[in-house]
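Worksheet: one structure, shown below.
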Amino acid sequence: MTNTLRKVQLSDNICVYRFGNPLVTGCSIMVPGETSFVRTEILPVFDWKEDNENLLLSAELGDDDALFGFGQHVGGINKRGRRLDLFCGQSLPHNPTNRRSNGNYPFFIYRANDKLTGFFFDFPSHIAADLGFEESDRMEFRVAHPDIDIYVYEGDHYNDICRSHVEITGRTFLPPLWAFGFHQCRYSYETEAEVRNVAEGFRSSGIPVDAIYMDIDYMDHYKVFSVNTERFPDLKGLISDMKADGVELVPIIDPGVKVEAGYEVYEEGIKENYFCTDAEGDPFTGAVWPGLTHFPDFLKPEVRKWWGDLYKVFTDQGIRGFWNDMNEPEIFYRPEELDALKEKVAEMDYTAFEDRGAIDFLESLSAWWQKDSYYDAFFQSLNGEKVLHRRVHNLYGMMMTRSVCEAFKDRHPHERFLLLSRASTAGSQRYGGVWTGDNHSWWEHLRLNIQMVISLGMAGQLYCGADIGGHCDEPDPELVIRWTQLGIFFPLFRNHTVKNSRAQEPYAFAESNRDILRNAIRLRYALLPYLYTEFMNSRKSGAPFLTPLFFHFKEACCDSLEDQFMVGNGLMAAPMLSPGSRHRQVYLPDGPWLHLAMREWNDFDVTLYPPGAHMVQNPLDTISLFLRENHLVLLTEPVKSTAEYNPQALHVIAFVTSKCAYRYYEDDGLSNNCDRGQYGEIIISAALEDGKPVGQVNIQEHGDYSLKVEKIVLELYGPAGDRVTQTISL
Ligand code: GLC
């Protein structure tokens, strides 16, 4: 054994185990100093050994042991039985056995006999995880280098472990309120006129929208930070007209810089030595959308500064949101490989091509696309030392987003902005959120959306969502409706689709479907007081607000119910996930629940259900909300954009069997004043008096903040489901 294991106890619940001499990744914000470590032989749960320059961690799994988490990887929230490659990669398509994901979150909660242990592998390269695949009673992690920090979290509750992980990797960035509105995207809205039409489509159909995304075709020949001025002759005018209408434009930015003499970004990158280099020290070339490109080395602080400042061309015109794409980085091919392929084609014996030759050739073609070995062909610079890209691969997306986040904070220190990234890793949440990459318009991916978003939230990445309606392929109207009805619960609520697919904007559907979509999106806006409060609570506490049932209920069957989830502590979602179905089985744990069958935000039926399994009716035009006893939910009248958000009247629906209390949170939604003590809270409570629920409110304004709420309309349901209303003016 050449390696040494050392440990340091960071707090009662957090211990770091260090093998060898790991790279400082920037994922953890609490890296212990070398001197604080002491030698140990024992790593909790795992046996360890070195094996061919890898570190091999293995442990036996008991029959009922579970492995929850791993961020956005395909699979259940419990990943037991899966094989995963913990290495950022294009994960298209999200097939059930796909091992890679765009975002890599090497964090999981291991549950054995009710004991919970969290693990975070702070490691920027490849880990092959076998979570009971080869042998069902064994897990194994093959770490590509024997130098790694492993954080171990102990706690009695899942939330304790999640909180510890956030303590280590940092709390989520502060998204603006408009980030919680409805967002519309397509690859691509190709002209200024098209963008205006999309906005008009929403406005004329009365469907709220807060952001429209600009995919790569707004650029001139896919050159980042350029604009095609023929198709977008007046971007500045477009941005300000959209803003005046409550719509933010969000342009895409890719890391690959087109190799083209005279193109400023390219020229400057070359001159200053900002690009990743090949073995000879020349800029590394790979091909992405623009053709041949170089890739900025985001591990260099001066490159991050340079890159972050480039966004100024858009932020100066009023843009406040970006999506950073292709930043695993995705590399389609290398020119050397293309040349070799061309030679192969030229030399091909076409007589042999008629039999097996054609098959071999075509197979070799697909292997040549996005080869993993491209990551062995270039270098980055970490703290002045040259490192092979593969060694630090998982950091690329995070560091790209970090550069933008830092530049923005420098220039606009009090403003919020929205950054999304496709590639990400532990700690990325400090800089921006994520979407879950290129899914398909498949019902299977609707369910996967739940599993991915919940697992990301457990890992501290709270601001996330999937492409609603599916990115690749084409959905039928029912799938778009059910997906939108699910999406109302997720922080990022964005409809996106690929080139040449059917129109997927909610207003583009026939009237009856459009009405349903409008009601779903309006319900999302109506729920903002609750959803925003929950998000901000999670941001503060580190505990996720979208959680699996087992976070709350001990009943064994809750362990595997991944098609229902909690939104905060009071609300359960049980979305419709199958085509043609108008009923579904819903399990209601613990006590009685109130079913709110929402046709519109203010038009719903209420049914009281005892605990247990129920077959619940759920027509196409209805969203089911289940309210837990002694909890409440808040709504307000929906607006066409959060630019008009003004929850003067809060509508509270409470189910009171003894008493409940909720702390509503409000801030200005645009600045970071909330982090400087400027926000308002209202404690809304209700209790039974003579068998009937009676409500109370208590206002708390912090700093100079004045609450927008002027009136609270309480709709209180007692133990038998009987309704009492009450209005309290503030
Ligand atoms: C990638 C992104 C997708 C985008 C497309 C074109 O596939 O994941 O969202 O639309 O590139 O930019």
Side-chain angles (χ1 to χ4, degrees), residues 72-74 88-95 98 100-104 183-191 194-195 198 211-228 231-232 249-258 286-291 293 295 314 321-333 369-370 396-397 400-401 418-424 428 432-442 445 448-449 452 456 464-475 483 487 490 492-505:
Q72 67 193 77
H73 274 276
V74 172
C88 293
Q90 171 56 303
S91 56
L92 185 68
H94 294 166
N95 278 337
N98 201 340
R100 291 239 173 124
S101 72
N102 303 95
N104 172 54
H183 294 188
Q184 184 62 51
C185 191
R186 136 161 316 270
Y187 173 20
S188 297
Y189 297 125
E190 294 195 7
T191 62
E194 216 180 322
V195 173
V198 174
I212 298 176
Y213 285 57
M214 294 163 65
D215 208 323
I216 48 175
D217 294 290
Y218 78 82
M219 298 179 203
D220 174 26
H221 292 90
Y222 304 135
K223 286 184 272 187
V224 269
F225 306 110
S226 76
V227 175
N228 181 319
R231 285 186 274 119
F232 287 83
L249 289 189
V250 182
I252 196 170
I253 303 285
D254 290 348
V257 173
K258 186 172 173 61
V288 204
W289 302 122
T293 56
F295 299 87
F314 297 118
F322 295 94
W323 49 315
N324 290 328
D325 190 21
M326 309 295 281
N327 50 2
E328 293 74 22
E330 186 170 350
I331 301 171
F332 294 158
Y333 65 87
W369 185 250
Q370 296 176 348
Y396 199 81
M400 176 180 181
T401 305
L418 173 62
L419 295 180
L420 288 178
S421 182
R422 195 175 71 176
S424 61
S428 287
V434 299
W435 83 101
T436 57
D438 296 341
N439 58 5
H440 273 68
S441 300
W442 299 340
H445 285 183
L448 190 59
N449 190 172
M452 285 182 164
L456 278 166
C464 56
D467 289 348
I468 289 174
H471 180 67
C472 306
D473 224 328
E474 296 183 298
W483 213 322
F490 298 152
L492 172 64
F493 185 30
R494 184 182 84 154
N495 175 313
H496 180 32
T497 183
V498 75
K499 248 193 165 86
N500 301 322
S501 63
R502 73 177 293 170
Q504 204 170 285
E505 299 81 10

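Counting starts at 1 for both ligands and their atoms, following the listed order. As the structure is a computational prediction, the values presented were derived from the model and not from experiment.
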[X] to ligand 1: N or O pair under 3.5 Å?
X	answer
Asp215	yes
Asp438	yes
Tyr187	no
Arg494	no

| Should the pair Phe232 and Tyr218 be assigned to parallel (<30°), tilted (30 to 60°) or perpendicular (>60°) ring geometry? |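 If you compare the ring of Phe232 with that of Tyr218, the planes turn out perpendicular.
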
Just jot down the ligand 1 atoms closer than 4.0 angstrom to any heavy atom of [X], in number order.
X	value
Ile252	12 (O)
His496	3 (C), 4 (C), 9 (O), 10 (O)
His471	3 (C), 9 (O), 10 (O)

| For ligand 1, is Lys499 a contact, meaning one of its heavy atoms is under 4.0 Å away? |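 No, that is not the case, since the closest heavy atom of the residue is not under 4.0 Å from the ligand.
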
| Taking C-beta and beyond as the side chain, do Pro290 and Lys223 meet within less than 4.5 Å on heavy atoms? | no

| field | Residues Arg186, Glu194; criterion salt bridge (Lys or Arg N to Asp or Glu O under 4.0 Å); working and verdict | value | CA-CA 11 Å; Arg186 136 161 316 270; Glu194 216 180 322; 5.6 Å; no

| request: Between Asp254 and ligand 1, find which residue part has any heavy-atom pair under 4.0 Å and reply side chain, backbone, both or neither. | output: neither

| said: Residue-level breakdown please: for Trp323 versus ligand 1, do any non-hydrogen atoms fall below 4.0 Å on the side chain, on the backbone, on both, or on neither? | reply: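 Answer for Trp323: side chain.
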
| field | Passing candidate, ring-ring contact (aromatic ring centres under 6.0 Å, His included) with His183, options Phe490, Trp435, Tyr213 | value | Tyr213

| message | Tell me the protein heavy atom at minimum distance from atom 2 (C) of ligand 1, and give that distance in Å. | response |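 Ranked first by proximity to atom 2 (C) of ligand 1 is Asp325 OD2, 2.9 Å.
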
| message | For a side-chain contact (heavy atoms from CB on, under 4.5 Å) check, start with the C-alpha distance between Val74 and Asn95, then their side-chain angles and the critical distance, and finish with the verdict. | response | CA-CA 7 Å; Val74 172; Asn95 278 337; over 6 Å; no

| message | Can you see whether Ser91 engages Asn102 through a side-chain donor-acceptor pair at a distance of less than 3.5 angstrom? | response |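 Their side chains do contain a donor-acceptor pair, which is all the 3.5 Å distance test asks for.
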
| Between Trp323 and His496, does the ring centre distance come in under 6.0 Å? |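 Ring centroids of Trp323 and His496 are less than 6.0 Å from each other.
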
| request: May I have the step-by-step check of salt bridge (Lys or Arg N to Asp or Glu O under 4.0 Å) for Asp438 and Arg422, ending in yes or no? | output: CA-CA 9 Å; Asp438 296 341; Arg422 195 175 71 176; 3.6 Å; yes

